[in-house]
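Order of listing sets the numbers, starting from 1, for every ligand and every atom in it.
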Amino acid sequence: MKILVINGPNLNMLGIREPQIYGAQNFEALQKFIKDSADELGLSVSLFQSNHEGEIVDVIQSAYGVYDGIVINPAAYTHTSVAILDALKAVAIPTVEVHLSDINTREEFRKFSYVSMVAKKTICGLGFEGYKEALRYFSFEK
Ligand code: CA2
C-alpha cells in the first residue's frame with residue numbers, strides 16, 4: 001500500500017512555540033515518527049509539507065492513480081479550504097484526517113473542518129501518535 005502523508009502550513013515550525021498544544025518535538029522528529037510507523041505497519045510512505053494551498057491541491061491531484069491512501073493534516077486550511085476538499089473529492093483516494101491537537105475543544109473557528117466532509121476518519125488530540133493511528137487505517141498489520 002502506497003500512502004501519501006500531507007502536512008499543511010506552519011507544521012514545519014513545530015517545536016518552536018506552543019508546546020502545550022502541539023508538543024515539544026520538531027517537524028523533523030514528526031517525519032521520522034511517520035516513516036518509522038509506516039515501516040512497522042508494512043506501508044510505503046511519501047511525505048509532503050507545504051505552506052501553500054495551491055501546492056497542496058497540486059500534490060493531491062498528482063496522487064491520482066499513484067497512491068492508495070492519503071493521510072492529511074491540512075493545518076489552518078482545515079477550516080477554510082474548499083479547494084483542498086474539492087481536490088480530495090476529485091481524486092477519490094481514501095483519506096484520513098489528522099490533527100495533533102483536539103480541534104473540538106479549542107477556539108470556535110477550529111471546530112469546523114472541510115476535510116472531515118470527505119475523510120473516512122478524523123483523528124484529533126493524540127499528538128504524533130495520531131499519524132500512526134491514521135496509517136493503521138490502511139494497514140493489514142493493525
Ligand atoms: O492540531 C493540529 O494539528 C492543527 O491542524 C494544527 C494547525 C492549526 O491551525 C489547526 O487548527 C490544528 C497549526 C499548525 C502548526 O502551528 C504552529 C503554531 C505555533 C508554533 C508552531 C506551529
- Message: Looking at E28, I want to see if its CD is surrounded by more than 12 non-hydrogen atoms of other residues, nucleotides or ligands under 6.0 Å.
- Response: no
- Task: Answer yes or no for K121 and Y137: cation-pi contact, defined as NZ/CZ to six-membered ring centre under 6.0 Å and angle to ring axis within 45°.
- Result: no
- May I ask you to test the Y131-N73 pair for a side-chain heavy-atom distance under 4.5 Å? yes
- Item | E97 and K120 ion-paired at < 4.0 Å | no
- Query: Does the pair K35/D39 count as a salt bridge with the N-to-O cut at 4.0 Å?
  - Reply: no
- Task: Measure the CG-NZ distance between D36 and K132 for me, rounded to the nearest 0.5 Å.
- Result: 9.0 Å
- Item | Residue shell around ligand 1, heavy atom under 4.0 angstrom | P9, N10, L11, M13, R17, E18, Y22, N73, A75, A76, H79, H99, L100, S101, I103, R110
